[in-house]
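Accompanying notes for the structure given below.
First the proteins, then the strands, lettered A, B, ... as listed; each starts at 1.
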Number of protein chains: 2
Amino acid sequence: MPHRPYHHGDLRAALLAGAEDALKEKGAAALSLREITRGIGVSHTASGRHFKDKQALLDALATSGYERLTRALGDADDTGLPFPQRITVLNRAYLRFATENIELLELMFSRKHTPDADEGLTAAVERSMAFMRSVITEAQQRGEVIEGDPDQVTLLPAVALHGLAAFVANGTLTPQGALDQLDQLVHNLLYGLTPR
Amino acid sequence: MPHRPYHHGDLRAALLAGAEDALKEKGAAALSLREITRGIGVSHTASGRHFKDKQALLDALATSGYERLTRALGDADDTGLPFPQRITVLNRAYLRFATENIELLELMFSRKHTPDADEGLTAAVERSMAFMRSVITEAQQRGEVIEGDPDQVTLLPAVALHGLAAFVANGTLTPQGALDQLDQLVHNLLYGLTPR
DNA sequence: ACCTGAACACCGTTCAAGT
DNA sequence: ACCTGAACACCGTTCAAGT
């Protein structure tokens, strides 16, 4: 709210916001540090104080993406729902996030979680996974989902969810097309491809 | 085999090979046209004759990736196998391709199939999908897979396969970890997450 | 046809310097 | 602490020119 240049004390947030705008407009590949700083009205080297290099900014953006995704899932979640409805709701929330943040999702997916990757990013990814796992574990305790190592059981819904969002992100499916097929997809996930 | 400079008449192939080498070493983001042409021993503008710009080269690379993936799946495929074994074999072939071509796969996944995307690329993607669909259709005819619109039934195995490969590509799973969990994953795909 | 070389308008990063 | 400005070593693309 002060009238002095708003990047005093808040340049980090301004850089992240500018980067996300640029991401939405032009994609991660065309994102330019100089252009972002120009938009903020600061010299092109000012970002160095807050992000050691361009990759550090992209990592921070991906981290914030995972945090927001996890929060979106948590907000949409209803622990009281039977598993089939619960997982449908979560899938829908994920798809909405994917639809509204296609470029961000692509950035999140493309970042490697190699040993030397950003710590905050790795932790944020792990928190997303832990959420999925907890949903499965609870459903197992209620006898709604097959028994077995939670990590193993979680893998199929996790890759299915991830793959579906990726199909939306890369244009193989439209957001609406994915939503239209979601109920059938979840049904097949629950009951399998083999005739009963 | 001739003794004259080998880029006569074969510069296009040399550019693609150089680009793929650079991709494997440094990733798509760090791929530089000037560096590639330098490696081939040709001026940095020579590529313009064969690829209108950098994106066109990347599109061609992604297209060749989809073609090789489809061929790898076709080579591994055994139409005589019962569906469970058949889909396991295909998953394994996909995982091997993903393991051996991580950077290429990332490039393939990140390219948008927007209306104005490269024609050859869109066609190559469609051929990969058609292959999956034909496997499902055949299994349906034998009564090994539930009935229904082949496109809808194919979606779950397709997103699961895609998601699993993406987990390998981005480091969430190691190649070995993915292989170790594959049998259980396919089992859950066939019989569902709900207790029978 | 196929390739070159110079020119143009950009990049990210480093570093001494300012306040 | 936080930011600037110049310098450096790169980019991709365009275009007239060579062979």
If I take atom [atom1] in residue [X] and atom [atom2] in nucleotide [N], what distance separates them, rounded to the nearest angstrom?
| X | N | atom1 | atom2 | value |
| --- | --- | --- | --- | --- |
| B:Leu33 | D:dC11 | CG | P | 10 Å |
| B:Leu15 | D:dG12 | CG | P | 12 Å |
| A:His44 | D:dA6 | NE2 | C1' | 9 Å |
| A:Ile40 | D:dC2 | CD1 | P | 15 Å |
| A:Lys26 | D:dG12 | NZ | C1' | 13 Å |

Please report the C-alpha distance between A:Glu106 and A:Glu103 in whole Å, then the side-chain angles of each, then the deciding distance to 0.1 Å, and finally whether the side-chain contact (heavy atoms from CB on, under 4.5 Å) criterion is met.
CA-CA 5 Å; A:Glu106 221 176 328; A:Glu103 299 286 358; 3.6 Å; yes
Where the side chain of [X] is defined as all heavy atoms beyond and including C-beta, which of [options] is the nearest nucleotide?
| X | options | value |
| --- | --- | --- |
| A:Val42 | D:dC3, D:dG12, C:dG12 | D:dC3 |
| B:Ser43 | D:dC11, C:dT4, C:dC3 | C:dT4 |
| B:Glu35 | C:dT13, C:dC3, D:dC11 | D:dC11 |

Given 3.5 Å as the limit, does a donor-acceptor pair link the side chain of A:Thr194 with the main chain of B:Tyr191, or not?
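Pair absent, no side-chain N/O of A:Thr194 close to backbone of B:Tyr191.
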Whether the side chain of B:Lys26 engages the backbone of B:Ser32 through a donor-acceptor N/O pair (distance < 3.5 Å, no angle test) should be reported.
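Side chain of B:Lys26 to backbone of B:Ser32, a donor-acceptor pair under 3.5 Å: no, none is there.
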Residues from residues 48-56 of chain A lying under 4.0 Å of DNA chain D - heavy atoms:
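Hits under 4.0 Å, by residue number: A:Arg49, A:His50.
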Other residues, nucleotides, ligands: >12 heavy atoms within 6.0 Å of A:Arg96 CZ
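Open: at most 12 neighbouring heavy atoms sit under 6.0 Å from CZ of A:Arg96.
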Verdict with supporting geometry, B:Lys24 and B:Leu104, side-chain contact (heavy atoms from CB on, under 4.5 Å):
CA-CA 7 Å; B:Lys24 287 212 154 141; B:Leu104 179 59; over 6 Å; no
Dot-bracket pairing map - DNA chain C, Watson-Crick plus G-U, both contacts under 3.5 Å, | cross-strand
||.|||||...|||||.||
Check this one for me: any side-chain N or O of B:Arg38 less than 4.0 Å away from OP1 or OP2 of D:dC11?
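True: B:Arg38 side-chain N/O within range (under 4.0 Å) of D:dC11 OP1/OP2.
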Does D:dG12 have OP1 or OP2 sitting under 4.0 Å from an N or O in the side chain of B:Thr45?
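For D:dG12, OP1/OP2 do not have a side-chain N/O of B:Thr45 under 4.0 Å.
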Test side-chain contact (heavy atoms from CB on, under 4.5 Å) on B:Leu155 and A:Gln184 and set out the steps.
CA-CA 9 Å; B:Leu155 188 59; A:Gln184 185 63 47; over 6 Å; no
Verdict with reasoning, A:Arg86 to A:Asp77, per salt bridge (Lys or Arg N to Asp or Glu O under 4.0 Å)
CA-CA 7 Å; A:Arg86 193 177 175 191; A:Asp77 191 26; 2.9 Å; yes
Give B:Leu57 one of three labels, base, sugar-phosphate or nothing, depending on what nucleic acid heavy atoms sit under 4.0 Å from its own.
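Result for B:Leu57 = nothing.
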Would you indicate what A:Ile36 reaches in the nucleic acid, counting non-hydrogen atoms under 4.0 angstrom: base, sugar-phosphate, or nothing?
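No contact at all - A:Ile36 keeps every heavy atom at 4.0 Å or more from the nucleic acid.
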Any salt bridge linking A:Arg133 with A:Glu126? Criterion: basic side-chain nitrogen under 4.0 Å from a carboxylate oxygen.
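Salt bridge present between A:Arg133 and A:Glu126.
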Any chance the side chains of A:Arg92 and A:Thr88 put a donor and an acceptor closer than 3.5 Å?
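Absent: no donor and acceptor within the cut-off.
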